[in-house]
Amino acid sequence: MPVESVLAAIRPLFESPIISKCAHNANYDMTVLTGQGISFSNVDFDSMIAAHLLGRPAIGLKNLSLDVLNHEMTPISDLIGKGKKQVTFDQVEIEVAGKYAAADADMTGRLRSTLESPLARDGLDLLLTDLEMPLVPVLVRMQRHGIKLDAGALHEMSQDLNQQMYQVEEELYRSIGHRVNINSPLQLSDLLFKELGLKPTKRTKTGYSTDANSLEDLKELHPAVKLILEYRQVSKLKSTYVDALPDMINPETGRVHTSYNQTGSATGRISSNDPNLQNIPIRTELGRQVRRAFVAQNAPEWQLFSADYSQIELRVLAHMSQDSGLLDAFRRGEDIHSSTASLMFEVPINDVDSEMRRIAKVLNFGVIYGLSPHGISQQTGFSREEGAKFIDNYFSKYPGISEYLDSVKFKARADQYVATLIGRRRYLPDINSGNFNVRGGAERMAVNMPIQGTAADIMKAAMIRVQSRLDEEEMRTKLLLQVHDELVFEVPREEMELLKNLVFDEMPAAIDLDVTLKVDVKWASNWGDME
DNA sequence: GGCTATTGCAA
DNA sequence: TATTGCAATAGCC
């Protein structure tokens, strides 16, 4: 790649407000180039993603070059430094930056040639060219749009939480008679299990566990335990979200711009970091308050709009296992957990009570994760033996699922890998291990990956279709976020009906399964008030 | 400042 | 001794 053409390409990018993020994410410069539709930088992703699809651990371009081509590249830290003295990429002399970018482009081109035949051999070439690569510009545009955050609301919340934490802290100190660092599991363990003499319920590899599950059992035994749980909840939300997110607002755009990692997960999901916008709280009222700080620009004329796949993983399981009970339940449009409860407890679906549904729901989740009697007992509160009975019952009512899971594990043992519906692979070298724990872990991964990964493949196809339609229709609607089974948009009210129809058309059409994919939509001026 | 362990947020 | 992630904190070197 001639250095001059790279220079010409990146010069205007130095005007871009988002480029300053390069200091946090060395690949972001390439991301930006790709986002501008500059073809040479696509090869960067091409080779990185190709290597990922071939089962290489997610390593950067520099390592990949050393690994595959035995060529040592100049690290980005030579340009921007590292740690405290690190500068942003736009501070680098443009001639130096250009050479660096050209080296990236050159090396990735060479890597691509090397990886081409292994890709085709394993049937992964279309996955790369027709799914992953077309997704790159979609992700880049989402990153560049960012999402607006109500920093004032979070700042106010921070003050409130300060008060709340102070009060809980004081009450705790009064209750135990001295100060303690509640953020230290070590100090907490000493306090609870030595000083207060409570009986530990669970062990970690270094001592006794003080996680929320363990503390739940001790809640009634000493008033300090409840206070610790309360403090934990508040301090978690405050440090991870309320205080951290406002600092991530880009001063140029006034919005937060996440980075999506397309090569980070073993199942084919994309991940989000810096900040992670795929784990914004919702389950508690305090958490929902954090979510409300994500707002539509120019609300209420503009709205945030969410479209999510309903029960996509269980629908994928129904298709892949061809279990008639599960397929029929979806075809009848039933509430799937109630339907499972109806089967398991042999009552009409209308006679299913909340406890029966709760247990069925645990089993339906469990089957996707590779369920174990212990896991079921943990989640349900029943004994391990009861958990085992639930599992036996579940499989006897869904024989197709049982046979499917057996066949996946059998094939994994023979092939040393499992795959999604469209051929994405996960290698499982431990599947034949002599160690019961190691092998069991690999079996759960074998069961989970084809389901979670197929759902991820479907969402990726949907994102490409949706963005392409938004472009065709010349809509002002922006795709902002992906949260695994959910897409979040920013939409002007005039386009709301159009957008609804668009996602109802495009998301279910991403793949042809023996069950239809259901999409639910909701909207509001912020992300927390939907539904 | 880097590393590991623990904890907890989401799908 | 349930799947996939990211990140904050403590405590060590």
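First the proteins, then the strands, lettered A, B, ... as listed; each starts at 1. Please read all numbers here as calculations on a predicted model, not as lab measurements. Basis for what follows: all heavy atoms, side chains included, without hydrogens, waters or symmetry-related copies.
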(request) Scan residues 372-392 of chain A against DNA chain B and write down, sorted by residue number, each residue with any heavy atom closer than 4.0 Å; if none is found, say none. (result)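 Per residue number, the list is empty: none.
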(message) Let's see if you get this right: which residues in residues 407-432 of chain A place a heavy atom under 4.0 Å from DNA chain B?
(response)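 Nothing qualifies; none.
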Classify the nucleic acid contact of [X] as base, sugar-phosphate or nothing, counting any heavy atom under 4.0 Å across all strands shown.
X	answer
A:Ala266	sugar-phosphate
A:Met449	nothing
A:Asn181	sugar-phosphate
A:Val290	nothing

Rounded to whole angstroms, how far apart are [atom1] on [X] and [atom2] on [N]?
X	N	atom1	atom2	result
A:Arg439	C:dT1	CZ	P	13 Å
A:Asn448	C:dA2	CG	P	13 Å
A:Met165	C:dT9	CE	C1'	12 Å
A:Met445	C:dT1	CE	P	11 Å
A:Phe436	C:dT1	CZ	P	9 Å
A:Asp247	C:dA8	CG	C1'	14 Å

(request) For the pair A:Glu132 and A:Arg424, find out whether any cationic side-chain nitrogen is under 4.0 Å from an anionic carboxylate oxygen. (result)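 Result for this pair is yes, salt bridge flagged.
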(message) For A:Lys202, is there an ion pair with A:Asp211 - N to carboxylate O distance below 4.0 angstrom?
(response)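 Yes.
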(message) So does A:Tyr369 get a backbone contact from the side chain of A:Arg444, meaning a donor-acceptor N/O pair under 3.5 Å?
(response)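 Such a contact is absent between A:Arg444 side chain and A:Tyr369 backbone.
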(request) Would you give a per-nucleotide map of nucleotides 5-11 of chain B, 5' to 3', where B means the base has a protein non-hydrogen atom under 4.0 Å away, S means only the sugar-phosphate does, and - means neither? (result) SSBBBSB
(request) Could you pull out all residues at least two apart from A:Phe365 that satisfy ring pair (Phe, Tyr, Trp, His ring centres under 6.0 Å)? (result)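 A:Phe365 satisfies ring pair (Phe, Tyr, Trp, His ring centres under 6.0 Å) with no other residue.
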(request) Working to the nearest 0.5 Å, report the span between NZ of A:Lys460 and CD1 of A:Ile464. (result)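 Result: 9.0 Å between the selected atoms.
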(message) Measuring from atom CG of A:Asp457 to atom CG of A:Leu127, what distance do you get when rounded to the nearest 0.5 angstrom?
(response)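 The distance works out to 6.5 Å.
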(message) Once side chain to side chain donor-acceptor pair (under 3.5 Å) is applied, do any residues pair with A:Asp335, and if so which ones, sequence neighbours excluded?
(response)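 With sequence neighbours excluded, A:Asp335 shows a side chain to side chain donor-acceptor pair (under 3.5 Å) to A:Ser338, A:Arg357, given in chain and number order.
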(message) My understanding is that only residues two or more places apart in sequence, or in another chain, count here; which of them pass side chain to side chain donor-acceptor pair (under 3.5 Å) with A:Thr240?
(response)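 Side chain to side chain donor-acceptor pair (under 3.5 Å) list for A:Thr240, sorted by chain: empty.
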(request) Using the ring-ring contact (aromatic ring centres under 6.0 Å, His included) rule, collect all pairs that involve residues 199-243 of chain A, keeping only residues at least two apart or in two chains. (result)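 For residues 199-243 of chain A, and leaving out neighbouring residues, the ring-ring contact (aromatic ring centres under 6.0 Å, His included) pairs sorted by first residue read A:Phe193-A:Tyr208.
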(message) Per the ring-ring contact (aromatic ring centres under 6.0 Å, His included) rule, what does the pair list look like for residues 403-442 of chain A, sequence neighbours excluded?
(response)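 Of all non-adjacent pairs touching residues 403-442 of chain A, those that pass ring-ring contact (aromatic ring centres under 6.0 Å, His included) are A:Tyr417-A:Tyr427.
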(request) Quick one: closest heavy-atom pair of A:Gln278 and A:Ser271, and the distance? (result)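 Closest heavy-atom pair between A:Gln278 and A:Ser271: OE1-CA, 3.4 Å.
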(message) Using atom P in both nucleotides, what's the gap between B:dA5 and C:dT1 to the nearest angstrom?
(response)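 The answer is 15 Å between these two P atoms.
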(request) Only counting residues at least two apart or in another chain, list the ones meeting salt bridge (charged side-chain N to carboxylate O under 4.0 Å, His left out) with A:Lys148. (result)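 For A:Lys148 there are no salt bridge (charged side-chain N to carboxylate O under 4.0 Å, His left out) partners, ignoring immediate neighbours.
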(request) Just jot down the salt bridge (charged side-chain N to carboxylate O under 4.0 Å, His left out) partners of A:Glu385, sequence neighbours excluded, or say none. (result)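 By the salt bridge (charged side-chain N to carboxylate O under 4.0 Å, His left out) rule, A:Glu385 matches no residue at all.
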Side-chain donor-acceptor distances from residues 373-380 of chain A under 3.5 Å, at least two apart:
{"residue": "A:Ser377", "atom": "OG", "partner": "A:His374", "partner atom": "O", "Å": "2.8"}
{"residue": "A:Thr380", "atom": "OG1", "partner": "A:Ile376", "partner atom": "O", "Å": "2.7"}
{"residue": "A:Thr380", "atom": "OG1", "partner": "A:Phe382", "partner atom": "N", "Å": "3.2"}

(message) Can you tell me which nucleotide in C:dT9, C:dT1, C:dC6 comes closest to the side chain of A:Asn183?
(response)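 Taking heavy atoms from C-beta onward, the closest nucleotide is C:dT9.
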(request) Return one dot-bracket line describing DNA chain C 5' to 3' (Watson-Crick or G-U wobble pairs, both distances under 3.5 Å; ( ) same strand, [ ] crossing, | another strand, . none). (result) ..|||||||||||
